[in-house]
Amino acid sequence: GESVGLHLPTLSVQEGDNSIINCAYSNSASDYFIWYKQESGKGPQFIIDIRSNMDKRQGQRVTVLLNKTVKHLSLQIAATQPGDSAVYFCAETPGYSTLTFGKGTMLLVSP
Amino acid sequence: DVKVTQSSRYLVKRTGEKVFLECVQDMDHENMFWYRQDPGLGLRLIYFSYDVKMKEKGDIPEGYSVSREKKERFSLILESASTNQTSMYLCASTVVGGRLGGYTFGSGTRLTVV
């Protein structure tokens, strides 16, 4: 079937490499940010979040960096595995409003 | 394990049909959302609901309506399906404020209108 990955920026890495996925957000008032992972045929799944009073947050093999000055968010995945292959979305919200999603980046991990 | 369940994974409907997409969540979440996802366009918000019988238009509500008669169920209705509504439809829910981990999504319904 048609893939949500069509027309997306793609990052191709080798297994074991570190991956960095970037996101430019649009609303300077946004104060809460989330990264989602979407595997083929599934809905997006929460990976990690960060609030605007932080510039870095670490999870298991993932780190999110926030640069509010240039409105930039990045997701770092350490020791990338084939199971990390998916589309990754950032999302932002100001206050308690609805989330606004980025268009996504496809990560392809080769064994 | 908490869940958002969408009743159908794949649907094929004819132009002009009335289509119902059902979504149920078991997390007692107040907020529920319907998005469509298209290649190159990302996730676009159609409608959302903050409470039973309440609904708010999202960014692309035209051609759609919603119903929330019970807290756990949020239905998306295509009044008269058209080919440009062929898409992946995603339902999501979250607690009030939605700041604790964001949204929980269903697996999606891929709708094809012929």
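Side chains included, hydrogens not; waters and symmetry mates left out as well; all remaining heavy atoms used. Residue numbering restarts at 1 for every chain, and letters A, B, ... go by the order of the sequence lines. These figures come from a predicted structure and were not determined experimentally.
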What's the separation between atom CG in A:L99 and atom CZ in B:F48, rounded to the nearest 0.5 Å? 11.0 Å
Kindly work out whether a path of hydrophobic side-chain contacts (I/L/V/M/F/W/Y, heavy atoms less than 4.5 Å apart) joins B:I60 to B:M88. no
Can you confirm whether A:F89 sits close enough to B:L43 that some side-chain heavy atom of one is under 4.5 Å from a side-chain heavy atom of the other? yes
Joint hydrophobic cluster, A:Y32 plus A:I47, side-chain heavy atoms closer than 4.5 Å: no
Less than 4.5 Å apart, side chain to side chain, heavy atoms only: is that true for B:L90 and A:Q38? yes
Counting heavy-atom pairs closer than 4.5 Å to chain B, which one of A:G104, A:G102, A:G43, A:A91 comes out on top? A:G43
Donor-acceptor contacts, no H, no angles, side chain residues 7-15 of chain B, under 3.5 Å, sequence neighbours left out:
unit_1: B:R9; atom_1: NH2; unit_2: A:G41; atom_2: O; d: 2.4
unit_1: B:T15; atom_1: OG1; unit_2: B:V114; atom_2: O; d: 2.9

With side chains defined as the heavy atoms from C-beta onward, is the minimum distance between B:F105 and A:Y36 less than 4.5 Å? yes
Look at the side-chain heavy atoms of Ile, Leu, Val, Met, Phe, Trp and Tyr, link any pair under 4.5 Å apart, and say whether B:Y64 and B:M32 land in one connected group. yes
Show me the donor-acceptor pairs, under 3.5 Å and distance only, between side chains in residues 78-88 of chain A and residues at least two apart or in other chains.
unit_1: A:T80; atom_1: OG1; unit_2: A:D17; atom_2: O; d: 2.7
unit_1: A:T80; atom_1: OG1; unit_2: A:S19; atom_2: OG; d: 2.7
unit_1: A:D84; atom_1: OD1; unit_2: A:R61; atom_2: NH2; d: 2.9
unit_1: A:D84; atom_1: OD2; unit_2: A:R61; atom_2: NH1; d: 3.0
unit_1: A:D84; atom_1: OD2; unit_2: A:R61; atom_2: NH2; d: 3.3
unit_1: A:D84; atom_1: OD2; unit_2: A:Q81; atom_2: N; d: 2.8
unit_1: A:S85; atom_1: OG; unit_2: A:P82; atom_2: O; d: 3.1
unit_1: A:S85; atom_1: OG; unit_2: A:V109; atom_2: N; d: 3.0
unit_1: A:Y88; atom_1: OH; unit_2: A:D84; atom_2: O; d: 2.5

Between B:Y89 and B:V113, is there shared hydrophobic-cluster membership here, with clusters defined by ILVMFWY side-chain heavy atoms closer than 4.5 Å? yes
If we only count heavy atoms from C-beta on, is the A:F101 to B:Y35 side-chain gap below 4.5 Å? yes
Is a side-chain N or O of B:Y103 found less than 3.5 angstrom from the main chain of A:F46, in a donor-acceptor match? no
